[in-house]
There are 2 protein chains.
Amino acid sequence: MGRGHMARRNTNRRVGIADVAEKAGVSHATVSRVMNGNAAVDPGIAARVRAAAVELKYQPNPVGRSLALGKTDTIGIVVPDLANPTFQAILRGLSIAAAQDGYRVLIADSSEVTSEESILAGEARRRCDGVVLCAPRMSDAELEELAPTLHPLVLINRTTIATNTPSLSVDYGQGIQELAQHLVTLGHRRLVFLSGPEHSASNRQRLVGLDQFRAEHPEIELQMLHGGSNFDSGHESTEAIISSGATGILAFNDLVAMGLLSGLHERGVRVPEDISVTGFDDIPFAKYTTPPLTTAAVPINELGSLAWRRMREQIQQAGEAATQAQDEFSPRVEIRKSTAAPALKPA
Amino acid sequence: MGRGHMARRNTNRRVGIADVAEKAGVSHATVSRVMNGNAAVDPGIAARVRAAAVELKYQPNPVGRSLALGKTDTIGIVVPDLANPTFQAILRGLSIAAAQDGYRVLIADSSEVTSEESILAGEARRRCDGVVLCAPRMSDAELEELAPTLHPLVLINRTTIATNTPSLSVDYGQGIQELAQHLVTLGHRRLVFLSGPEHSASNRQRLVGLDQFRAEHPEIELQMLHGGSNFDSGHESTEAIISSGATGILAFNDLVAMGLLSGLHERGVRVPEDISVTGFDDIPFAKYTTPPLTTAAVPINELGSLAWRRMREQIQQAGEAATQAQDEFSPRVEIRKSTAAPALKPA
DNA sequence: GAATCATGAGAAAGCGTTTTCTCAGAGCGT
DNA sequence: ACGCTCTGAGAAAACGCTTTCTCATGATTC
């Protein structure tokens with residue numbers, strides 16, 4: 001088909017800009033120009049190049065492109081645990097929003113291994129134009145040191161002292177207080193907080209919120225019980241909850257609440273007649289539990305897309321190191337069927 | 001600190017191999033050699049280079065590396081919908097397994113837009129060393145045409161005619177038959193299959209399986225009802241299910257079953273006393289529903305990690321185009337509390 | 001009609017690595 | 001002491017693209 005003598009190159013090698021140039025009888029440079037529409041090119045030549053490109057099914061190699069342009073059109077996200085629906089939702093929101101602007105996302109799951117976080121983040125940053133760090137478990141000191149090296153950086157559920165990295169956070173303290181208030185308003189007097197992972201910043205926020213709640217409601221008994229962040233830990237806490245004598249339970253999150261719900265059901269404890277249970281996050285499953293779960297809704301999809309917007313802002317204003325927005329979301333209490341007035345006390 | 005005249009380059013630019021070379025008083029090539037341990041380097045010089053590297057905090061630029069080596073140490077995954085727990089689990093399994101071998105994963109969510117799939121897959125492939133295509137919705141013809149261009153490719157929940165692309169699939173036909181059999185063994189005689197998305201290959205497999213089931217059990221009444229693949233569609237089917245008069249319901253998957261469970265509960269229909277319900281997939285939430293859901297478990301985490309293993313095999317044997325494994329998993333029926341013998345018929 | 005200018009295309013220099021090629025010098029045998 | 005091999009380091013090419021620089025051509029102006 002016209003490809004004359006020594007058609008050896010065709011074998012194996014991917015079609016590159018050089019092939020298109022040769023076929024169209026122009027230079028590499030010109031091909032690049034028409035592909036990117038950067039400079040004025042004679043319409044006739046441009047057409048010839050384009051024809052050659054489609055005929056050869058030419059697609060620019062993004063790696064070469066990235067090297068020349070100094071950008072990859074990719075951002076990285078590092079999460080502590082991809083099994084957690086909250087992080088899944090953030091990832092999804094981020095991915096969809098970024099895709100809309102032609103960016104892709106590279107994932108890194110630290111599997112809750114704190115020491116890996118900064119390494120993963122660094123590697124991700126080198127491959128990408130920016131990094132979003134999701135609920136990092138690392139110490140404040142380490143974060144503070146790492147942040148500048150990651151620069152186009154967005155923090156989720158964590159803040160730095162440095163004001164030039166944007167952060168998105170949720171006011172867990174406020175949310176947990178509102179849930180507690182909701183239980184008290186229903187008439188509960190003995191509450192339990194089933195806490196989450198020790199080194200989780202969001203757990204600390206909840207504890208601070210509950211301290212404040214205690215101060216404002218000295219008449220309420222509020223016990224703390226150690227737990228985890230998943231189904232199983234909720235389920236395992238069943239006995240402890242029952243023997244606590246409390247009628248209102250604030251679970252660390254929806255997963256824990258669901259595990260607890262299941263455990264209580266097995267033990268024949270009725271929810272909400274005997275015990276009221278609240279969750280946190282309002283994951284999609286929360287409204288389909290039996291009974292549907294009262295919880296504090298965090299606008300999780302919005303979080304992902306806002307994270308992208310903050311990232312984009314930084315990428316665009318490359319260099320101008322302005323001080324960045326610190327966004328804080330207020331959870332909204334979602335009252336469903338897992339909470340009700342407690343039965344009248346026998347005592 | 002010794003960095004003499006005209007210390008201008010330090011500003012702005014990232015530290016590269018050239019900086020290390022200069023500091024150590026050697027050539028770029030030598031630095032590369034000691035960083036990669038490829039050729040023999042004088043121990044003294046090697047030490048000097050390493051010292052310079054740590055002092056400058058040198059980290060090789062992966063983009064330059066990728067260009068030179070022709071590989072990115074990254075694989076892409078394209079999924080129809082990141083909100084689906086099944087795909088989330090596959091992504092997670094894949095990501096963790098790949099990370100163990102030093103690979104990262106780039107995600108592409110087609111948002112169920114069939115026409116985007118092949119474009120996303122192509123773009124992903126160009127940026128990565130391989131692509132895993134997860135439950136592609138595209139036509140067989142399109143897939144057949146696309147597959148060779150994607151080459152290091154792993155298919156999940158879909159097969160090609162081309163025997164040189166490995167595929168992982170689940171025997172949905174078998175699984176749904178076993179669930180139906182389970183219901184019949186319990187004594188149910190009137191069943192409903194609440195079907196999933198039309199163009200889903202796994203839905204078609206279920207239908208084929210049920211056809212076979214029908215042939216083997218002419219005495220059983222089996223209705224088909226259209227549905228979707230998520231909570232809401234299950235919830236919306238509640239009325240239709242109730243009025244069907246069936247006592248055993250085969251939901252398309254666990255999500256649909258959970259939506260249905262919730263709807264039935266609202267209507268005061270007891271599960272399993274009045275109606276038995278089964279799901280499919282055994283997502284983590286399935287055993288925490290009320291009542292816990294009888295379902296067919298697919299080893300979803302294994303799927304992700306096996307996908308990586310198949311991908312790795314292809315990457316390693318680069319070129320040798322051998323015929324690849326077609327793995328098929330058999331779901332395992334997981335009997336829980338959402339199924340039981342039907343109440344004695346009034347008629 | 002000659003000098004000036006705009007237009008547009010090719011040549012070549014980057015981008016940051018790896019790797020082949022080349023060659024200087026050391027070590028060895030005879 | 002001469003030539004041989006061998007080790008190891010620098011020079012340079014390659015990877016695939018973008019972009020600046022340069023220069024030829026044809027159009028414009030006085």
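As the structure is a prediction and not an experimental result, all values here were calculated from the model. Proteins come first, then strands; the chains are lettered A, B, ... in the order of their sequence lines, and each starts at number 1. Computed from heavy atoms alone, side chains included, the values below leave out hydrogens, waters and symmetry copies.
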Legend entry - Electrostatic pair A/Arg310-A/Glu313, nearest N-O below 4.0 angstrom: yes
Legend entry - Audit row: A/Ile75, A/Leu106, side chain to side chain contact (heavy atoms under 4.5 Å, CB included) steps and yes/no: CA-CA 6 Å; A/Ile75 61 168; A/Leu106 190 75; over 6 Å; no
Inset, instruction - Check ring-ring contact (aromatic ring centres under 6.0 Å, His included) between A/Tyr58 and all other residues, then give those that pass, not counting sequence neighbours. - result: none
Legend entry - salt bridge (charged side-chain N to carboxylate O under 4.0 Å, His left out): pairs with one or both residues in residues 24-42 of chain A, sequence neighbours excluded: none
Legend entry - Those residues that, when tested against B/Ala201, pass side chain to side chain contact (heavy atoms under 4.5 Å, CB included) (two or more places apart): B/Arg158, B/Arg204
Inset, instruction - Can you sort out the partners of A/Arg50 under side chain to side chain contact (heavy atoms under 4.5 Å, CB included), two or more places apart, ordered by chain and number? - result: A/Val34, A/Ala46
Inset, instruction - Using the heavy-atom set of chain A and a strict 4.0 Å cut-off, write down the first and last nucleotide of DNA chain C that makes it in, 5' to 3'. - result: C/dG8 to C/dG16
Inset, instruction - Check DNA chain D against residues 41-52 of chain A and give the residues with a non-hydrogen atom under 4.0 Å, in numerical order. - result: none
Legend entry - Distance-only donor-acceptor check, side chains B/Gln326 and B/Ser167, under 3.5 Å: yes
Legend entry - With A/Arg137 via side chain to side chain contact (heavy atoms under 4.5 Å, CB included) - residues at least two apart: A/Pro80, A/Glu112, A/Thr114, A/Glu117, A/Ala135, A/His199, A/Ser200
Legend entry - Residues B/Val132, B/Leu153; criterion side chain to side chain contact (heavy atoms under 4.5 Å, CB included); working and verdict: CA-CA 6 Å; B/Val132 0; B/Leu153 169 67; over 6 Å; no
Inset, instruction - Can you tell me which residue pairs pass the salt bridge (charged side-chain N to carboxylate O under 4.0 Å, His left out) test with a partner in residues 64-87 of chain A, sequence neighbours excluded? - result: A/Lys71-A/Asp73, A/Asp81-B/Arg92
Using atom names, set out every protein N or O paired with an N or O of nucleotides 15-18 of chain D below 3.5 Å, distance rounded to 0.1 Å.
residue, atom, partner, partner atom, Å
D/dC15, O2, B/Ala68, N, 3.4
D/dG16, N2, A/Gly64, O, 3.2
D/dC17, OP1, A/Tyr58, OH, 2.9
D/dC17, OP1, A/Asn61, N, 2.8
D/dC17, OP2, A/Ile17, N, 2.6
D/dC17, O5', A/Tyr58, OH, 3.4
D/dT18, OP1, A/Asn36, OD1, 3.3
D/dT18, OP1, A/Asn36, ND2, 2.9
D/dT18, OP1, A/Arg65, NE, 2.8
D/dT18, OP2, A/Ser32, OG, 2.7
D/dT18, OP2, A/Asn36, ND2, 3.3

Inset, instruction - Using five pairs at either end of the helix from C/dG1-D/dC30 to C/dT30-D/dA1, determine the angle between the two local helix axes and round it to 10 degrees. - result: 50°
Inset, instruction - Name all residues meeting the side chain to side chain contact (heavy atoms under 4.5 Å, CB included) criterion together with A/Ala121; count only those two or more places apart in sequence or in a different chain, and write none if there are none. - result: A/Val78, A/Leu133, A/Leu146, A/Leu150
Legend entry - Pairs where residues 99-139 of chain B contributes a residue and the test ring pair (Phe, Tyr, Trp, His ring centres under 6.0 Å) is met, not counting sequence neighbours: B/Tyr103-B/Trp308
